[in-house]
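Residue numbers start from 1 in every chain, and the chains themselves are labelled A, B, ... in the order their sequence lines are given, proteins ahead of strands.
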Amino acid sequence: MNTAQNTPMGRFDDAAIVLEDTAVTYGRGETATRALDTTSLVLRDGEFVALVGPSGCGKSTILKLAAGLLPASEGYVFVGGREISARAARVGIAFQNATMLPWLSVRDNIMLPLKIVSPFKAGYRSKKATEYRERADALLAQVGLDGFGDKYPWQLSGGMLQRASLCRALIHEPRVLLLDEPFGALDQFTREELWGILQDLWLDKKPTVLLVTHDLREAAYLASRVCIMSPRPGRIVEDRAVDFQRPRTVARTYDNDFIKLMQDLRALITHDGPNTVGSAAS
Amino acid sequence: MTQRLLGPRAMQRAASIAFIVGFFLLWEAACVVFSISPFVLPRPSAVLMTLIERFPALVPHIVQTLMTTMIGFAAGVFTGIVLGALVGSSKIAYDTAYPLLVGFSSIPKVAVVPIFVLWFGSGTVPAILTSYVICIFPIVVNVATGLATTSPEQQDVLKALGASRREILFNISLPSAMPYLFAALKVAITLAFVGTVLSETVAANRGIGNVMMIATSNFDVPLVFAGLFLLAVMGVVLYGLFSLLERRVCGWASRGADTPLA
């Protein structure tokens, strides 16, 4: 397809998320804070990209831009070939908090996107009882929550809630999945287990994933590309492909080449001198 | 052990009932032991006798008070929810309207009864209006607070899906404001009785408040207490109804530590 050569999307035919010279500034005048320095980033369709960086560097800002929750102060954001402006593009999203609605059962929580997103929306009332329920239950079974659909969020542990949160992000089979430190509040064993589940879910449907995390091992385990950000105002200082064979295992993260990668990445975050930052904010 | 026989919830209930019965027994005993004049504090048994004797004559007054209260309450709930939704819809509206609301709600409602009587004459209308104004404010404030304090992350999940403002309102804001609304309803229903009776004692020719007023001037103290008892029963029954409804509609809010309202 060479039809749209002049548009920014024309250059990236298979791009799912494109940030073009995007910057975000909170507030205005003298109190303005630059949260994200001019950044360009392209996620190709089906890619799994992890964003890693020191806290406050703007990783979550990038995620919010892609979700359409935050307008860009400068530059453009394209998701699925369309510019994100006021309204989001029906992406799946999961946060560090599971943010389940306490008045709905786990199944109804997971089915929430089907109530909002077309074309599912149209059939919500009629299909809710059978088709959508089965869909939710199948997804629950896939993350190891078989039979928990009728429970309420307060009856589930943190790790279970996070699994349910993944289900909710995926039920409408979005082409783009945005994850903001989804495992940040979990203990290490639960976290590692969920890495495996997330990897399986990704291998199954191959959505484009943008994962924000501050766990290097998590980034290296899950992602096919790791982007390292500088401290605030953040910009991407390193874009590293991770080619380890899939499916990856937790044991694999203790191998030498894996550890070597993590050490390289760590060095980039902790020893990011001013000479590597390039042009400062205007 | 009795605990094993009844279980903790039944035990709790039995204790409550025992406490109420004990209260009345103690009252009765105190009246007898200290030989308190029935003009000062009639014995509960005397009050009960009066109540049974006069009940047929009291029925129209009970109906009057109950009806007046319910009309005022229903109107107050409706107005309160609409106003609360407006005030709670945005941060700016909330911050703008809140000082005025607090000002209004801190006016002692006794003070407005003469004004209503001045405007509408004595009778049912000022009683309805008093119960109406007295129960609006807790509802406005609670609904507004409930809507204004909706979790931004829950909203973000829906926004990212492309949900409209209306969809966010119906799926997130309204359900999460429900516990606030019910807390307000329980306060408002008891306040509505206060408003009605207040107005009835000042300017009315029917209703429990009026009955008590006349009974007081006739030194018919047992009848005054019978009126008090009737008001308490009506208040408790309606409060109980709303508690029951609350448990059905938003039982989620009182379970577990996971809820955002903890």
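More than 12 heavy-atom neighbours from other residues, nucleotides or ligands sit within 6.0 angstrom of NZ on B:K186. Atom CZ of B:F229 has 12 or fewer heavy atoms from other residues, nucleotides or ligands within 6.0 Å. Counting heavy-atom neighbours within 6.0 Å of B:K109 NZ, excluding the residue itself, gives a total above 12.
With a 4.5 Å cut-off on non-hydrogen atoms, B:E167 touches chain A through its side chain but not through its backbone.
In this structure, B:D156 CG and A:D180 CG are separated by 10.0 Å, a value rounded to the nearest 0.5 Å.
With A:W103 as the partner, the side chain to side chain contact (heavy atoms under 4.5 Å, CB included) test is satisfied by one option alone out of B:C250, B:S176, B:P179: B:S176.
Scanning both residues, A:I93 and B:A160, for their nearest heavy atoms gives CG2-CB, 3.8 Å. Summarising the geometry of B:E153 relative to A:N97, their closest heavy-atom pair is OE1-ND2, 3.3 Å, with the distance given to 0.1 Å. Of all heavy-atom pairs between A:V91 and B:L161, the closest is O-CD2, 3.5 Å.
By the 4.5 Å heavy-atom criterion applied to side chains, A:I116 and B:N171 are counted as neighbours.
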